[in-house]
There are 2 protein chains.
Amino acid sequence: MVTQASPEELTERLRDAITRLNRRLRQERPVGDLTVTQLSALTSLRIGGALTPRELSEAERVQPPTMTKIVAKLEERGLISRTPHPTDGRQVLLSPSEQGLAVLEDYQRVRDEWLAGKLAGFTAQERDTVARAAALLERLARD
Amino acid sequence: MVTQASPEELTERLRDAITRLNRRLRQERPVGDLTVTQLSALTSLRIGGALTPRELSEAERVQPPTMTKIVAKLEERGLISRTPHPTDGRQVLLSPSEQGLAVLEDYQRVRDEWLAGKLAGFTAQERDTVARAAALLERLARD
DNA sequence: CACACTTATTAGCTTAGCTAATAAGCCTGG
DNA sequence: CCAGGCTTATTAGCTAAGCTAATAAGTGTG
C-alpha cells in the first residue's frame, strides 16, 4: 500500500491514462497496416477459434453491425475465411486464414515495437506492476 | 515478482486490455453527454489553464486540425471560451468557461460511476496495483 | 521589407462506433 | 405441419474521431 489517491482521483487518472495510451497506440500503426480494432478482432479469432459474428462482436464489446464492417475489412485482405454453420443456416463461422495467422505472427514479432520498447525500459518491478494491472483491466473490460 | 509473462505476451495483453477497456469506457457515456475525447480535452484545459489550440493538441496527442473540431464542439456548448493571445495575433487562448468547470464538477461526482463502481469492487491491494500502473501508463503515453 | 516560418482553420478523406430496418432461417404451439 | 415470433446477419444512414494537404493570417528576420 504505497499510493493514497482518493477513489475519484484514481478513476479520473485511470480513464485519462487509458484514453491517452489508446491514442498513442493508434498512432503507432504503420501506414497501410491493420488498425488496432482489426488486429484485436483477428486476435480474438485466433484465441477463440471459429466464432460467429455475434460471438465475435460480444468478445470485442461492439454491436453486431460494427463487427460486420470490421469482418468485411479483414475479409477483403484475405485474413479470415467464412464457412457456413453446420446446423444453423443463419450463422457463419469466422476463422483466421493461413495468411491471417501469418500476419499475426509478424505482428507479434515486429509490431508493438513501440510499446514493447517502452516496457523494456521499465524495471522488472514496474513490468510486474503493469502485468498485474493488465489482468485487472481485462477483468474490468469484461464486465 | 509474481507473474512470469514474456515481454511479448505482456505487450499483447496490455494492448488488448487498453483497447477493450477504452471501448468499454466509451460505452458508458450517457446519451447527449460529452464524449471521452471532449471530456479529456476539457480536463486538460482545467489542469493546464489557458492553452492555445496547438498546446492543447499536443497535450491530447492529436493533430491540430483534430483539435479544431473538438474545440468547436466544446465551444458550441459554451464549455470553453476563447480570448486573443496578448502578443501573438495568430494564436488564441482557450479556457474552460464557468459552465465548463461546472460540467467537470458534475462529471467528477456523477460520471465514471461505472468505472468507480468497478474499482470499488477491487481489494485495496488491487486498487493500489491499478493506481501504480495508471501512473506508469501515463508515463508511457507521454512518450 | 520580402520571404520563410508558425498557427489555426478548412476541405476532404477513412475508420469506428451507433441505431433502425430488413431479410433469411429457426423453432414452437396450436 | 405451418404461422408467427425469435435470432442472426447485413444494409442504410448517421455521428465522432482521427488523419493529411492546402490555405490564410500573422510573426519575425536577413
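Every chain is numbered from 1, with letters handed out A, B, ... down the list of sequences.
A:Thr37 comes within 4.0 angstrom of the backbone, heavy atoms only, and of no base. Residue A:Lys73 is classed as a sugar-phosphate contact, given heavy-atom separations below 4.0 Å to backbone atoms only. Contact annotation for B:Pro65: base contact, defined as any heavy-atom pair under 4.0 Å involving a base atom.
As a whole-Å value, the separation of A:Glu55 CD from D:dT7 P is 15 Å. A:Leu39 places its CG atom 15 Å from the P atom of C:dT15, with the value rounded to the nearest Å. One interatomic measurement links the two molecules: CG of B:Leu56 to C1' of C:dT9, which rounds to 15 Å at whole-angstrom precision. Taking atom CD on A:Glu60 and atom C1' on C:dC18, their separation rounds to 17 Å, with Å as the unit. Atom-to-atom, CZ of B:Arg20 to C1' of C:dG17 comes out at 16 Å; the value is rounded to the nearest Å. To the nearest angstrom, C1' of D:dC19 lies 14 Å from CE of B:Met67. As rounded to whole Å, 11 Å separates atom P of D:dT11 from atom NZ of A:Lys69. Atom CD1 in A:Ile70 sits about 17 Å away from atom P in C:dT14, given to the nearest Å.
Using a distance-only test at 3.5 Å, with no hydrogens or angles considered, no donor-acceptor pair links the side chain of B:Thr129 to the main chain of A:Ala133. Although no hydrogens or angles enter the test, the distance criterion places no donor-acceptor pair under 3.5 Å between the side chain of A:Glu58 and the main chain of A:Glu55. Between the side chain of A:Thr43 and the backbone N or O of A:Leu39, at least one donor-acceptor pair lies under 3.5 Å. B:Ser57 places a side-chain N or O within donor-acceptor distance of the main-chain N or O of B:Arg54, the cut-off being under 3.5 Å. Under a 3.5 Å cut-off, the side chain of A:Arg82 and the backbone N or O of A:Leu93 do not form any donor-acceptor pair.
For A:Gln91, no side-chain nitrogen or oxygen approaches OP1 or OP2 of C:dC26 to under 4.0 Å. The phosphate of D:dT10 has OP1 or OP2 within less than 4.0 Å of a side-chain N or O from A:Thr68. Look at B:Gln63 and you won't find any side-chain N or O under 4.0 angstrom from OP1 or OP2 of D:dA21. Taking 4.0 angstrom as the limit, A:Thr66 places a side-chain polar atom (N or O) nearer than this to OP1 or OP2 of C:dC18. Considering only side-chain N and O atoms, A:Arg82 lies under 4.0 angstrom from the phosphate OP1 or OP2 of D:dT10.
Comparing B:Arg54 and A:Pro64 against DNA chain C, the residue whose closest nucleotide sits nearer the 5' end is B:Arg54.
Cluster annotation: B:Leu101 is not connected to B:Leu51 through the hydrophobic network of ILVMFWY side chains, with a link wherever side-chain heavy atoms come within less than 4.5 Å.
Salt bridge absent: A:Glu105 and A:Arg46 never bring a charged side-chain N and a carboxylate O closer than 4.0 Å. Taking a cutoff of 4.0 Å between a charged side-chain nitrogen and a carboxylate oxygen, A:Glu138 and B:Arg20 do not qualify as a salt bridge.
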Look for any protein N or O under 3.5 Å of an N or O in nucleotides 26-30 of chain D and output each such pair with its distance, or none.
residue	atom	partner	partner atom	Å
D:dG26	O3'	B:Gly89	N	3.4
D:dG26	N2	B:Arg90	NH1	2.9
D:dT27	OP1	B:Gly89	N	2.7

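Direction of the helix axis in the helix from C:dC1-D:dG30 to C:dG30-D:dC1 shifts by 0° between the two five-pair termini, rounded to 10°.
Donor-acceptor pairing under 3.5 Å is recorded for the side chains of B:Glu60 and B:Ser44.
Residues A:His85 and A:Thr52 approach most closely at CD2-CG2, 4.5 Å, considering heavy atoms.
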